[in-house]
Amino acid sequence: SDATGETVMRFKKKLPIRYVCETNVGYSYAYNKGIQEATGSWVTFIDDDCVAVSQWYGEVCRFIHKYPFAGAIVGRSDNFFKQNIIASLSHLYFTWWFKKHLNEGSVKVRSLAGLDNRNVSYNKKLLKRHGIRFDDLNSSSSVGAEDVDIGLQMERAHLFAFYNPKMIVFHKEPRQLRYFLNREVFYSRSMKYVQTKWRNKKIYSSRASLHWDTKLKLWIDCFVECSRALSPQKKILLVFLIVVHQFVLRPLYRFKIAG
């Protein structure tokens, strides 16, 4: 319905593209199909609402050659709509979630639960060797946590990942509040599934946990980073939205999902 096939065929004259269609609806089905059909030893995913910088592919290849033994290489995601307050709010929550899984001062990822499929490369050979695949049971969710789940599978197999801050994409975050809230509800539902699946595994709670003062510093750093392009008035409004979201809306999500 979005003319993907026709668009691919236009580029096929210039690039060595092979178009494969997955009929099952859901991210996991598409990811598994992509890994299955890929002919190389690595497979890289980028979301359809992301715009890669010109050196993105070169940075993918550089880190793959530098760390061929890694299970995954994950890149940096920036906000495409930097002056939009809702997009900034959405990106702030993503940045907080993503950075708490990194190692400060190191390219080695601290917790693989922080892998994000909008900008990531997987070592196909290692996934196949350990029988790791995206969970099809979670594909009913419009916005899933499939990448969190596969990261936990990789940790269980004692694999590790590296972070390349120069492997950059600009993500088109939602610019309207209703789309942001809708995505948050879907994501909360998907995370509940993952947490239930891994509830008996210490791997989920221990590897991603941070001390409160570290969390506070990270929150401040993320706020400064994600609000840099906003006016002073919009920064004040962003603080207000964060408070409302944290202490009013998020408890409502959990109540709705639990009910």
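Keep in mind the model is a prediction, meaning the values are calculated, not measured.
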Distance-only side-chain donor-acceptor flag, Y93 / E173, under 3.5 Å: no

Test ring pair (Phe, Tyr, Trp, His ring centres under 6.0 Å) applied to F162 - qualifying residues, sequence neighbours left out: Y67, F160

Counting distance only, does the side-chain N/O of K234 pair as donor-acceptor with the main-chain N or O of Q83 below 3.5 Å? yes

Is it true that K217 and D213 have a side-chain N and a carboxylate O under 4.0 angstrom from each other? no

Any donor-acceptor pair under 3.5 Å from D78 side chain to F170 backbone: no

Are L127 and V148 linked, directly or through other ILVMFWY residues, by side chains that come within less than 4.5 angstrom of each other? yes

Would you find a donor on one side and an acceptor on the other, under 3.5 Å apart, between the side chain of N123 and the backbone of A70? yes

For Q36 and N32, which I'm curious about, is there any donor-acceptor pair between the side chains at under 3.5 Å? no

Between K197 and E146, is there a side-chain N and carboxylate O pair less than 4.0 Å apart? no

Begin from the C-alpha positions of H171 and C50 and carry the test side-chain contact (heavy atoms from CB on, under 4.5 Å) through to its verdict. CA-CA 4 Å; H171 183 244; C50 286; 3.4 Å; yes

Between OG on residue S231 and CG on residue L238, distance to nearest 0.5 Å: 10.5 Å

Please give me the minimum heavy-atom distance between C222 and K99, naming the atom from each residue. SG-CD, 4.3 Å

For the residue pair D147 and N117, what are the closest heavy atoms and their distance? OD2-N, 3.0 Å

Say you draw a straight line from CG of L218 to OG1 of T95; how long is it, rounded to the nearest 0.5 Å? 9.5 Å

If every non-hydrogen atom of R76 is compared with every non-hydrogen atom of N119, which pair is closest and at what distance? O-ND2, 3.1 Å

Of all pairs that satisfy salt bridge (charged side-chain N to carboxylate O under 4.0 Å, His left out), the ones with a partner from residues 53-74, not counting sequence neighbours: E59-R62

What pair of heavy atoms forms the shortest contact from S190 to A145, and how long is it? OG-N, 2.6 Å

Cut-off 3.5 Å, side chains only: do D116 and W97 have a donor facing an acceptor? no

Please round to the nearest 0.5 Å and tell me the distance separating atom CD of E37 and atom SG of C21. 11.0 Å

Hey, are the side chains of Y122 and L115 touching, using non-hydrogen atoms and a 4.5 Å cut-off? yes

Would you name the heavy atoms of S121 and M167 that are closest together and state the gap between them? OG-CE, 4.0 Å

Are N103 and V109 side-chain neighbours, meaning at least one heavy-atom pair lies under 4.5 Å? no

Is the backbone N or O of Y29 less than 3.5 Å from a side-chain atom of N24, with the two atoms forming a donor-acceptor pair by type? no

A side-chain contact here means heavy atoms from C-beta on lying under 4.5 Å apart; do I132 and L159 qualify? yes

S227 side-chain N/O to F223 backbone N/O, donor-acceptor pair under 3.5 Å: yes

Would you check if the side chain of D47 reaches a backbone N or O of D49 as a donor-acceptor pair within less than 3.5 Å? no

Specify whether H245 and F180 have parallel, tilted or perpendicular ring planes, treating 30° as the upper limit for parallel and 60° as the lower limit for perpendicular. tilted

Taking the side chain as C-beta and beyond, is there a heavy-atom pair between I46 and V169 under 4.5 Å? yes

Under 3.5 Å donor-acceptor, H65 side chain and C61 backbone: yes

